[in-house]
Amino acid sequence: MTAPPRGELQILDTPQAVAAALADLVVAEARSATESRGSFFVALAGGKTPQAAYSLLSERRDPIDWEHVFVYFGDERCVPPESGESNYKMAFDSFLSMVPIPAQNVHRMHGEDEPARAARAYAQVLAKTMGELPRFDLMLLGMGDDGHTASLFPGTDPRAGEDQLVRAAFVEKYRVCRLTLTPLVINNSKRITIAVEGAAKASALHAVREGPYDPVTYPAQIVKPRNGELTWLVDKAAAGNLAG
Ligand code: 6PG
């Protein structure tokens with residue numbers, strides 16, 4: 001199967017530069033969407049990479065119409081919101097608790113609930129607040145050193161359950177359960193950004209962007225907006241194995 005286009009690649013000198021570029025992008029997209037359409041729907045990535053960008057967002061003084069910003073999550077660990085493992089807690093502590101966004105505008109995945117039920121419940125929240133096939137203005141993603149993204153991990157075909165909006169997945173590698181948006185939702189976004197940092201991810205980034213199309217082995221390859229833009233924000237260390 002021919003590989004899909006891999007998206008725009010921005011290589012930045014340092015993780016700090018990636019964080020600044022990601023924060024700038026969120027601010028720009030939020031202002032553009034709220035000014036032109038009256039609302040901004042964003043799905044946040046978890047993990048460590050976006051944390052510095054989220055902290056920068058808490059310090060920005062740009063006039064953002066937070067009343068009309070609606071925050072969701074690309075994935076979540078099966079843990080309660082007060083857990084140090086929670087993607088919601090990371091985002092809340094990094095910036096959501098420090099900006100004037102109405103609490104009801106933030107929709108976390110209920111990692112504390114039975115996973116399949118939590119996935120169904122979140123799919124209902126998405127359908128109720130965004131329609132049957134949600135289309136995010138901005139989808140933030142990261143990538144693991146094994147080529148996973150969101151909680152679409154190697155060994156499971158990310159295209160499985162193509163009709164679902166949200167999936168509960170047991171991740172063999174970590175022997176944990178995760179909740180994740182599916183490619184159906186991810187690839188319906190207007191804009192997708194994947195932020196990748198560190199030499200540990202250089203091999204996976206090369207395989208994902210320049211290797212044969214094999215999304216079961218490298219799930220991040222499944223990210224291809226049907227009608228939108230894909231931008232990779234990577235630092236030089238992560239880009240170390242890229243040819244082009
Ligand atoms: C998560 C994320 C996950 C993350 C990658 C990269 O729940 O951890 O959604 O997909 O983006 O694992 O994580 P780091 O940024 O910590 O390297």
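Atoms considered below: every heavy atom in the structure, side chains included; atoms not considered: hydrogens, waters and symmetry mates. Numbering of ligands and ligand atoms starts at 1, following listing order.
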Could you tell me which atoms of ligand 1, counted from 1 in the order shown, lie closer than 4.0 angstrom to a heavy atom of Thr49? 14 (P), 15 (O), 17 (O)
Would Lys173 and Asp146 pass as an ion pair if we require N to O under 4.0 Å? yes
Parallel, tilted or perpendicular, as decided by the 30° and 60° cut-offs, for the rings of His148 and Phe153: parallel
Is Lys236 paired with Asp13 through a side-chain N to carboxylate O contact shorter than 4.0 Å? yes
Would you say Lys201 contacts ligand 1, with heavy atoms under 4.0 Å as the rule? yes
Are any of the side-chain nitrogens in Arg108 or Glu112 under 4.0 Å away from the carboxylate oxygens of its partner? yes
According to the interplanar angle, ranging from 0 to 90°, do the rings of Phe41 and Phe70 count as parallel (below 30°), tilted (30 to 60°) or perpendicular (above 60°)? parallel
Return a yes/no value for Arg77: is any of its N or O atoms, backbone included, closer than 3.5 angstrom to an N or O of ligand 1? yes
Contact between ligand 1 and Arg178 is defined here as a heavy atom of the residue under 4.0 Å from a ligand atom; is it met? yes
Considering the heavy atoms of Gly142, write down every atom of ligand 1 situated less than 4.0 Å from one of them. 11 (O)
Atom 4 (C) of ligand 1: which of Pro219, Gly46, Ala195 has the nearest heavy atom? Gly46
Could you tell me, atom by atom, which parts of ligand 1 come under 4.0 Å of a heavy atom of Asn87? 1 (C), 7 (O)
Salt-bridged, Arg37 to Asp137, with N to O below 4.0 Å? yes
Heavy-atom pairs closer than 4.0 Å: do any link ligand 1 to the side chain of Asp145, the backbone, both, or neither? neither
Any donor and acceptor pair, going by atom type alone, linking the side chain of Glu114 with main-chain N or O of Arg117 inside 3.5 Å? yes
Give yes or no for whether the N/O distance cutoff of 3.5 Å, strictly under, is met between Ala150 and ligand 1. yes
Looking at atom 12 (O) of ligand 1, what's its closest protein heavy atom, distance included? His148 NE2, 2.6 Å
Is Glu197 in contact with ligand 1, taking contact as a heavy-atom separation below 4.0 Å? no
Report the nearest protein non-hydrogen atom to atom 6 (C) of ligand 1: residue, atom name, distance rounded to 0.1 Å. Met143 O, 3.5 Å
Interfacing atoms of ligand 1 (cut-off 4.0 Å, heavy-atom, Lys48): 14 (P), 15 (O), 16 (O)
